[in-house]
Amino acid sequence: MYKYTELDKKIVTNRVEQFRDQVNRRISGELSEDEFKPLRLMNGLYLQLHAYMLRVAIPYGELSSEQMYKLAEISDKYDRGYGHFTTRQNIQLNWPKLIDVPNILKELAEVEMHAIQTSGNCIRNITTDHLAGITEDEIEDPRPWCELIRKWSTFHPEFTFLPRKFKIAITGSLKDRAAIEVHDIGLRIIKLNREIGFEVFVGGGQGRSPFIAKKIKEFVKKENILSYLEAILRAYNELGRRDNIYKARIKILVNELGILSFKKIVEEEWKKIKNKDFINAKKEIDELKKAFKIPNLKSNINKNVSEKNKEFNTWLNQNTQKHKISGYSIVFISLKPLKVPPGDISSDQMKVVSKVAKEFSFSEIRVTHEQNLILPHVNNDDLSKVWNILNKINLATPNIGLLSDSICCPGLDYCALATARSIPIAQRVSNYFNSIEKQKIIGEMKIKISGCINACGHHHVGNIGILGLDRNGEEFYQITLGGSAKENSKIGEIIGPSFSSEKIIEAIDTIIKVYLIQRTHKKETFLETLELTGLKPFKDALYDNH
Amino acid sequence: MIIINKDSSEDKFVQIHNISEIKENNSIFFDLDFWKNNKKDLIKKDCDLGIKISSDEPINEIVENLEIFKLINFNFLSFKDGRPFSYARKIRENLKYENKIRASGNILPDQYIFLLRCGFDSFEIKKNQIKTWENILKNNFESYYQFTESNT
């Protein structure tokens with residue numbers, strides 16, 4: 001795993017003291033709330049419905065055992081004994097006190113963590129494929145590039161007061177597990193004539209105006225990627241709208257100008273700065289590649305796992321995946337057990353995960369953008385032990401990729417922007433379809449729930465998307481079908497009038513029933529069926545019932 | 001309000017609104033509209049010229065005459081309006097402008113380092129904030145990842 005350099009340490013420690021000074025100036029009244037807001041936001045500190053919320057960065061979703069343990073200690077000491085993993089691979093603490101935040105940041109810095117740029121109108125945490133470096137379908141491990149871009153974007157002097165937030169995702173594989181097409185910039189590592197470089201997408205995003213990103217450049221050489229990003233960001237900083245917060249994201253600019261005009265502006269600027277090296281990238285990337293090498297695993301093709309325990313086998317089939325080194329597995333830890341908000345984890349569970357990772361996965365843990373955790377390198381001989389430990393603490397629900405593995409934003413339970421609750425809907429869906437057998441018959445199914453049109457629960461790209469709305473003080477839920485965040489991403493289509501909170505589960509059940517009747521064979525996914533049938537049979541079934 | 005210059009020099013620029021206000025050898029500055037309306041006259045004057053551009057105005061208008069300005073003063077309408085950060089780097093790094101770039105208007109002491117690193121070297125600040133500005137410059141990171149041409 002990546003270890004901080006002296007410069008990283010210095011920057012993060014300085015930041016803690018700088019924020020302490022800003023908090024003191026706020027408390028003394030020297031800073032108004034309006035002036036303090038962008039400063040606290042750049043440190044991941046939001047003011048929510050009931051309290052402050054601190055979003056801690058987990059760069060590209062990688063955590064060490066030590067870091068996980070520290071997060072548990074912090075949530076015990078300063079919060080309410082739990083944390084919430086987000087769809088951008090970060091973790092949120094929902095109840096910190098303002099006065100404690102500088103000390104929380106100080107403790108985080110001790111384990112090489114921070115909350116820098118986890119909010120505010122700047123370049124946010126760089127996200128990536130949660131299977132980076134450990135699957136065979138990869139062209140190159142994207143993590144060194146993520147770290148390079150993290151460095152380039154951290155306290156970037158020019159891009160810290162952008163029109164709006166800016167999210168970058170990178171994948172190193174043709175299979176997109178990082179949802180790059182719904183990011184402000186999506187990068188895909190590709191190989192062209194034996195040379196490795198980047199395919200660049202721009203202007204994707206969800207929120208109230210969802211857009212799939214457009215391809216702006218077929219191929220950018222590795223050594224020019226930072227200058228290309230710099231040219232895009234500069235065009236956006238100058239031309240992005242600042243008159244209307246809802247139209248300020250780069251997706252609106254790209255859409256208003258058209259991708260060709262936008263590209264022309266970017267390329268013109270790029271010509272002038274193409275060969276500049278902003279962070280000594282050439283030297284840096286070689287070092288980073290060494291830092292991100294996976295542990296030295298000894299391949300063993302004879303290590304087949306067999307157990308008589310049925311529960312273990314169900315988990316093994318659903319929650320583990322082949323590692324690129326035979327004899328090892330990738331273990332998914334489901335943070336979607338029954339009756340728990342998706343992505344939530346208690347401090348006691350965090351401590352156990354920290355220990356399991358230390359003993360069985362080279363102290364490495366990853367966070368997925370679907371709000372689960374991963375133990376990336378588990379020896380097949382240890383799978384049964386790992387399952388036993390996880391099962392005891394309710395972290396072995398065998399539902400990865402199934403219907404109850406839904407994504408959901410905090411909604412009206414926590415968020416000041418929300419128009420409806422989303423966590424209770426996720427919980428009711430899980431309760432209703434609680435049989436794993438039943439879920440396996442349905443197969444892969446992505447349900448994504450947002451509590452308002454800002455779409456933090458990614459409902460636009462859910463196979464079934466649910467959007468919570470307020471209608472005269474009552475919660476209503478609009479359904480979209482057919483969304484996807486994988487390669488060739490799609491925005492779901494609204495099926496029709498929304499459903500009351502009381503009727504929403506019944507509506508989802510109807511959709512599932514229509515799918516099971518309509519599909520031509522058991523392996524046909526919901527998206528494939530929908531492609532063939534269109535919305536009509538679903539509409540007919542949903543609205544005949546009303 | 002007071003002016004602090006990175007090179008500790010004294011500020012001599014006076015804002016004018018009318019061509020008759022100009023005296024010989026003066027250091028004057030004016031807004032973009034004034035420049036557009038009086039360009040021909042202003043170029044001929046034996047004065048140090050400066051221009052004040054609001055953060056929502058494009059810089060295209062001044063680019064072709066960049067070399068005649070001794071001061072470019074970007075007036076931030078809001079500290080959240082980050083456009084001048086890009087403008088400053090463009091004129092410093094792409095166009096090799098070497099005279100003063102000032103930040104004025106709604107700016108925060110916490111933006112000081114970012115402004116310096118983008119090429120600003122003159123600041124119009126509230127008098128009662130001078131201590132905070134000095135402290136921030138003294139206590140804050142000289143350490144950052146990026147090399148801009150104004151990182152020193």
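Throughout, protein chains are lettered first and strands after them, A, B, ... in sequence-line order, and every chain is numbered starting at 1.
- Considering all non-hydrogen atoms of both residues, A/Thr154 and B/Gln146 come closest at O-NE2, 2.8 Å.
- Most heavy-atom pairs under 4.5 Å with chain B, from the set A/Pro163, A/Pro38, A/Ala281: that is A/Pro38.
- Between B/Phe85 and A/Phe161, the gap from one ring centroid to the other is short of 6.0 Å.
- Without hydrogens or angle criteria, A/Gln22 side chain to B/Asp110 main chain gives no donor-acceptor distance under 3.5 Å.
- Heavy atoms closer than 4.5 Å to chain B are found in both the backbone and the side chain of A/Asp8.
- With a 6.0 Å radius and a threshold of 12 heavy atoms from other residues, nucleotides or ligands, A/Lys222 has its NZ atom above the threshold.
- Other residues, nucleotides and ligands contribute more than 12 heavy atoms inside 6.0 Å of the NZ atom of B/Lys39.
- B/Ser86 approaches A/Asn237 most closely through the heavy-atom pair OG-ND2, 2.8 Å.
- Here B/Tyr144 contributes atom OH and A/Ile279 contributes atom CD1; the two are 15.0 Å apart, rounded to the nearest 0.5 Å.
- Using a 4.5 Å heavy-atom threshold, the side chains of B/Arg83 and A/Arg242 count as touching.
- Using a 4.0 Å cut-off between a side-chain N of Lys or Arg and a carboxylate O of Asp or Glu, A/Lys276 and B/Glu93 qualify as a salt bridge.
- Heavy-atom distances place the backbone of A/Ser153, and not its side chain, under 4.5 Å from chain B.
- The backbone N or O of B/Lys80 lies less than 3.5 Å from no partner atom in the side chain of A/Asn121, so there is not a single donor-acceptor pair.
- Between A/His156 and B/Tyr145, the closest side-chain pair of non-hydrogen atoms is not below 4.5 Å.
- For the set A/Glu284, A/Lys272, A/Lys151, A/Glu269, the entry with the most heavy-atom pairs within less than 4.5 Å of chain B is A/Lys151.
- Among B/Leu115, B/Asn106, B/Asp81, the residue making the largest number of heavy-atom pairs under 4.5 Å with chain A is B/Asp81.
- Proximity to chain B is limited to the side chain of A/Ile273, based on heavy atoms less than 4.5 angstrom apart.
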Quiz prompt | Steps toward salt bridge (charged side-chain N to carboxylate O under 4.0 Å, His left out) verdict (B/Lys131, A/Glu30) | solution = CA-CA 12 Å; B/Lys131 268 254 141 57; A/Glu30 188 187 330; over 6 Å; no

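- In plain terms, the two heavy atoms of B/Phe114 and A/Pro157 that are nearest each other are CD2-CA, 3.5 Å.
- Counting all heavy atoms, side chain and backbone alike, A/Asn280 lies closest to B/Phe147 at N-CE1, 3.4 Å.
- For the pair B/Lys90 and A/Glu238, the salt-bridge criterion is met [side-chain N within less than 4.0 Å of a carboxylate O].
- Other residues, nucleotides and ligands contribute over 12 non-hydrogen atoms within 6.0 Å of the NZ atom of B/Lys96.
- With a 4.5 angstrom heavy-atom cutoff, A/Glu230 touches chain B only via side-chain atoms.
- The number of heavy-atom neighbours closer than 6.0 Å to CD of B/Glu98, taken from other residues, nucleotides and ligands shown, is 12 or below.
- Neither the backbone nor the side chain of A/Asp243 comes within contact range of chain B; no heavy atoms are under 4.5 Å apart.
- Contact of A/Arg164 with chain B is not made at all, since no heavy-atom distance falls under 4.5 Å.
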